[in-house]
S.K.: 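This is the structure I have questions about; it appears just below.
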Amino acid sequence: MTASPAGWYPPRMPGPAPDAPAPTATPVRVRIAPSPTGDPHVGTAYIALFNRVFARHSHPDSRFVLRIEDTDRTRSTPESEAAILRALSWLGLTWDEGPDVGGPFGPYRQSERTAIYTEHAGILIERGRAYRCFCTAERLAEVRARQLAAKQTPGYDGHCRTLAPADAAARAAAGETHVVRLAMPESGNTTFVDRLRGEITIANEQVDDQVLLKSDGFPTYHLANVVDDHLMQISHVIRAEEWLSSTPKHVVLYDAFGWTAPEWIHMPLLRNLDKSKISKRKNPVSLDYYRDAGILPEVLVNFLGLMGWSFGNEREKFTLTEMEGAFSWDKISLGGPVFDLDKLAWLNSLYLRELDDSAFLARLLAWRLGPDYLARVVPLVRERIRRLDEFVAHTSFFFVGDLDYTSVKDLVPKGRSPKDTSSVLAELVDKLDEDRDARAFTKATLEPFFRSFCEASGWKTKELFMTVRLAVTGLAATPPLFETMEVCGRELTRRRLRQCAAYLKTLKAP
RNA sequence: GGCCCCAUUGUCUAGCGGUUAGGACGUUGGCCUCUCACGCCGAAAACGCGGGUUCGAAUCCCGCUGGGGUCACCA
């Protein structure tokens, strides 16, 4: 079960150009491993970009793999997976191996590889590097509460670690529910090298006996990621910095299996304006938002390439191919870059100005001014206008970006304060994200959601619906609210609700 | 809070012992111009602090401070 050092990559059909020596002697295999649990995330595109660029830069035979990490059975959805694949394709960040295109190391969807993880967890148990744990959620919560109360670092207390393996095996065989935990060394340090930061040492006592196999039989990230990266012969793990502190677990796992660990490269985290890790509450993070906002895909890729990396020569505008040619880890800076929407818009304007009229028109048509989107708007306004020339005025909110609320009347219902209105909108957006049905964002799912939201919040439907209508459209007279929201789309609607909540917060009570 | 990572203008960054600390976004003054945009010229704006090392530190080392991440049967 060891990686053969050479010849493990699929042969490239035409041989490499003899006069163009590859920047590295051997091909690399890298991967992007998104979890299909929500909207296609800008951070996923960011990491995908650097993986792909590194692969393409390194060697013509390098491979960029897309692996779906859908081991969270309660949150993973096929819709999300499809959306992620679509969004990455939109950006041109295409992959060489993946669930849709296949490849020699499939399947590329972790939910289809469960037998592999069970087998490998078994190996670890046999070797005494992992153990079965029968603790209940209640006991875990109790231990945790006690540790917190005693101001200790919360973590598993090792209760089941001392169980006799034979007894544990017998209990498992009898059908008792359990998980499998990593038996972390209780003393000593784990040291690894991060390509960008150098040597990093973490004391083993800081690392928990992480669950590797959940009671539902699915693996956690830690097990699946290590097993798959090894079996898929991944040579470099390029992932976000948030993984840095759990890398010791992975290093210990590679050691327990007797495998050679890949090279570790942790990219800095994209940030909100306040420097915290980029999040949907503070910043649009869905790639669909940027698409709907009219950001060109090549611009988003270019801009992401500016985050933490510099081309050199003070050059800011470049294509994916140019970046692949010029790439070097030496030019990475580790301060977490703030994702600045203003600069993104400026870069987009540069690209837009370079398009000729027909290319520009083609972009507009591909965006919202084409038959597809218009066809969805038409049924909503057809019977509300008298002359075609009234169309644009009645539908502007389907096409513009952020709205200006300063001249919108009655945003705050009678008897409510701006502050309360603001917080109800903020709460609404959060709930809208969490609610599985509402996430589909159709009239059929939106309406029941809103009605029950009203009941729970104590707001009358009349009050809330008008406020939301004004927040989403800026107008009091519009097509039916839920159809309007459906057509505007989740991203635009969400953005406007948040913007409106922020605006209301700045208002004084009358 | 423990541990880990990071640190140049408001933001993205160049710099890798000797620079008037450069470029870009944004802000701002002006020019161009029927308006706006573009473009052009100019301005304000940064090496977090304290110790070392060195003839000389934004650059190297240490401490502090600050920011971030992480401590799940989520990834």
Side-chain angles (χ1 to χ4, degrees), chain A residues 33-38 41 43-44 67-76 110 133-137 140-141 144 147-148 150-156 177-181 189-192 194 196-225 239-249 266-278 303-317 330-350 352-354:
Chain A
S35 177
T37 53
H41 199 277
T44 303
R67 184 175 70 223
I68 295 295
E69 308 230 332
D70 55 348
T71 55
D72 184 338
R73 286 201 298 175
T74 58
R75 293 199 306 147
S76 297
Q110 290 185 330
C133 169
F134 301 87
C135 291
T136 60
L140 259 22
R144 188 186 164 75
Q147 288 165 332
L148 253 22
K151 292 192 174 172
Q152 293 171 323
T153 309
Y156 184 63
T177 57
H178 64 282
V179 301
V180 175
R181 286 182 186 274
N189 298 314
T190 297
T191 298
F192 59 94
D194 176 272
L196 302 173
R197 282 159 260 260
E199 214 168 74
I200 293 173
T201 297
I202 295 176
N204 291 148
E205 59 181 15
Q206 291 293 329
V207 185
D208 209 4
D209 279 2
Q210 183 66 49
V211 170
L212 299 177
L213 212 55
K214 301 182 253 187
S215 56
D216 64 4
F218 276 66
T220 59
Y221 170 86
H222 305 284
L223 210 221
N225 155 71
R239 71 216 317 188
E241 188 178 353
E242 56 190 328
W243 292 108
L244 209 48
S245 56
S246 47
T247 303
K249 292 170 191 171
H266 292 91
M267 290 295 292
L269 255 18
L270 258 23
R271 310 295 183 99
N272 298 312
L273 244 34
D274 65 2
K275 293 277 189 181
S276 56
K277 175 166 92 168
I278 199 166
F303 189 66
L304 254 11
L306 251 20
M307 302 278 94
W309 185 76
S310 61
F311 195 96
N313 267 145
E314 299 188 328
R315 183 165 170 191
E316 298 198 292
K317 185 170 177 290
D330 298 342
K331 286 183 282 185
I332 295 279
S333 54
L334 293 172
V338 172
F339 195 84
D340 182 358
L341 295 174
D342 260 334
K343 188 155 181 175
L344 173 61
W346 162 78
L347 191 63
N348 205 53
S349 78
L350 246 43
L352 285 180
R353 280 200 297 273
E354 283 182 5

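Naming: A, B, ... by sequence-line order, numbering from 1 per chain. The analysis underlying the following values was restricted to heavy atoms, covering all of them including side chains, and did not include hydrogens, waters or symmetry mates.
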S.K.: Side chains of S276(A) and N272(A): any donor to acceptor distance under 3.5 Å?
M.R.: yes
S.K.: Under the salt bridge (Lys or Arg N to Asp or Glu O under 4.0 Å) rule, what pairs show up with a residue in residues 203-222 of chain A, not counting sequence neighbours?
M.R.: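 Non-adjacent pairs meeting salt bridge (Lys or Arg N to Asp or Glu O under 4.0 Å): R73(A)-D216(A), R161(A)-D209(A).
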S.K.: Under the 3.5 Å rule, do the base of G69(B) and the side chain of E241(A) count as making a donor-acceptor pair?
M.R.: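 Side chain to base: no pair below 3.5 Å.
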S.K.: Is it the case that H266(A) and R239(A) place a side-chain donor and acceptor less than 3.5 Å from each other?
M.R.: yes
S.K.: What distance, rounded to whole Å, do you find between the two P atoms, one in U20(B) and one in C25(B)?
M.R.: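 These two P atoms come out 25 Å apart once rounded.
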S.K.: If you look at every strand shown and take non-hydrogen atoms under 4.0 Å, does R353(A) touch a base, only sugar-phosphate, or nothing?
M.R.: sugar-phosphate
S.K.: Check ring-ring contact (aromatic ring centres under 6.0 Å, His included) between H178(A) and all other residues, then give those that pass, not counting sequence neighbours.
M.R.: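 Scan of H178(A) (ring-ring contact (aromatic ring centres under 6.0 Å, His included), adjacent residues dropped) gives F134(A).
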S.K.: Using a cut-off of strictly less than 4.0 Å between a heavy atom of the residue and any atom of RNA chain B, enumerate the qualifying residues of residues 205-214 of chain A by number.
M.R.: Q206(A), V211(A), K214(A)
S.K.: Mapping R144(A) and L269(A) to their closest nucleotides on RNA chain B, which lands nearer the 5' end?
M.R.: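 Comparing both residues, the 5'-ward one is L269(A).
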S.K.: Any donor-acceptor pair under 3.5 Å between the side chain of S245(A) and the base of C71(B)?
M.R.: no
S.K.: In whole Å, what separates the P atom of A14(B) from that of G48(B)?
M.R.: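 It works out to 15 Å between them.
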S.K.: S276(A) near the nucleic acid: base, sugar-phosphate alone, or nothing, with a heavy-atom cut-off under 4.0 Å?
M.R.: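 S276(A): backbone/sugar contact only, no base atoms under 4.0 Å.
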S.K.: Is the closest basic N to carboxylate O distance between K277(A) and E241(A) below 4.0 Å?
M.R.: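 Here K277(A) does not pair with E241(A) in a salt bridge, since their nearest N and O are not under 4.0 Å apart.
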S.K.: Using a 4.0 Å heavy-atom cut-off across all strands, classify G312(A) as base, sugar-phosphate, or nothing.
M.R.: nothing
S.K.: Under 4.0 Å, heavy atoms only, any strand: does E69(A) hit a base, just the sugar-phosphate, or nothing?
M.R.: sugar-phosphate
S.K.: Tell me what T37(A) touches on the nucleic acid: a base, only sugar-phosphate, or nothing, going by heavy atoms under 4.0 Å.
M.R.: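 Answer is nothing: T37(A) stays at 4.0 Å or more from every strand.
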S.K.: How far, in whole Å, is C74(B) from U13(B) if one measures between their P atoms?
M.R.: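 Their P atoms lie roughly 34 Å apart.
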S.K.: For a quick check of understanding: with a heavy-atom distance under 4.0 Å over all strands, which category does R197(A) fall into, base, sugar-phosphate or nothing?
M.R.: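 Sugar-phosphate: the residue R197(A), judged by heavy atoms under 4.0 Å, touches backbone atoms but no base.
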S.K.: Counting any heavy atom closer than 4.0 Å, what does K277(A) reach on the DNA or RNA strands: base, sugar-phosphate only, or nothing?
M.R.: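 Sugar-phosphate, no base atom in range.
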S.K.: Between U8(B) and C47(B), how many Å separate the two P atoms, rounded to a whole number?
M.R.: 11 Å
S.K.: Over all strands shown, is G155(A) touching base, sugar-phosphate only, or nothing at heavy-atom distances under 4.0 angstrom?
M.R.: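 Here G155(A) touches no strand at all.
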S.K.: Please name all residues satisfying side-chain contact (heavy atoms from CB on, under 4.5 Å) with T191(A), sequence neighbours left out, ordered by chain then number.
M.R.: E199(A), T201(A)
S.K.: NA contact type, P36(A), heavy-atom cut-off 4.0 Å: base, sugar-phosphate, or nothing?
M.R.: nothing
S.K.: Residues in side-chain contact (heavy atoms from CB on, under 4.5 Å) with E314(A), at least two apart?
M.R.: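 For E314(A), no residue satisfies side-chain contact (heavy atoms from CB on, under 4.5 Å) once neighbours in sequence are set aside.
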S.K.: Assess whether salt bridge (charged side-chain N to carboxylate O under 4.0 Å, His left out) is satisfied between R197(A) and D194(A), documenting all intermediate values.
M.R.: CA-CA 5 Å; R197(A) 282 159 260 260; D194(A) 176 272; 3.2 Å; yes
S.K.: Using atom P in both nucleotides, what's the gap between U59(B) and U9(B) to the nearest angstrom?
M.R.: 14 Å
S.K.: Between A58(B) and A46(B), how far is it from one C1' atom to the other, in whole Å?
M.R.: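 Taking atom C1' in both A58(B) and A46(B), they lie 10 Å apart.
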S.K.: Between the protein and nucleotides 59-65 of chain B, which nitrogen or oxygen pairs are less than 3.5 angstrom apart?
M.R.:
none

S.K.: Step through it carefully: locate the ring centre of W346(A), locate the ring centre of F303(A), and say whether they are under 6.0 Å apart.
M.R.: no
S.K.: Mind checking if T74(A) touches a base, just sugar-phosphate, or nothing, with heavy atoms under 4.0 Å?
M.R.: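 The answer is nothing, as T74(A) stays clear of every strand by at least 4.0 Å.
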S.K.: Just call it for V338(A): base, sugar-phosphate, or nothing, with non-hydrogen atoms closer than 4.0 Å on any strand.
M.R.: sugar-phosphate
S.K.: For C36(B) and G30(B), measure between their P atoms and round to the nearest Å.
M.R.: 13 Å
S.K.: Counting any heavy atom closer than 4.0 Å, what does R181(A) reach on the DNA or RNA strands: base, sugar-phosphate only, or nothing?
M.R.: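 Sugar-phosphate, backbone atoms only, no base.
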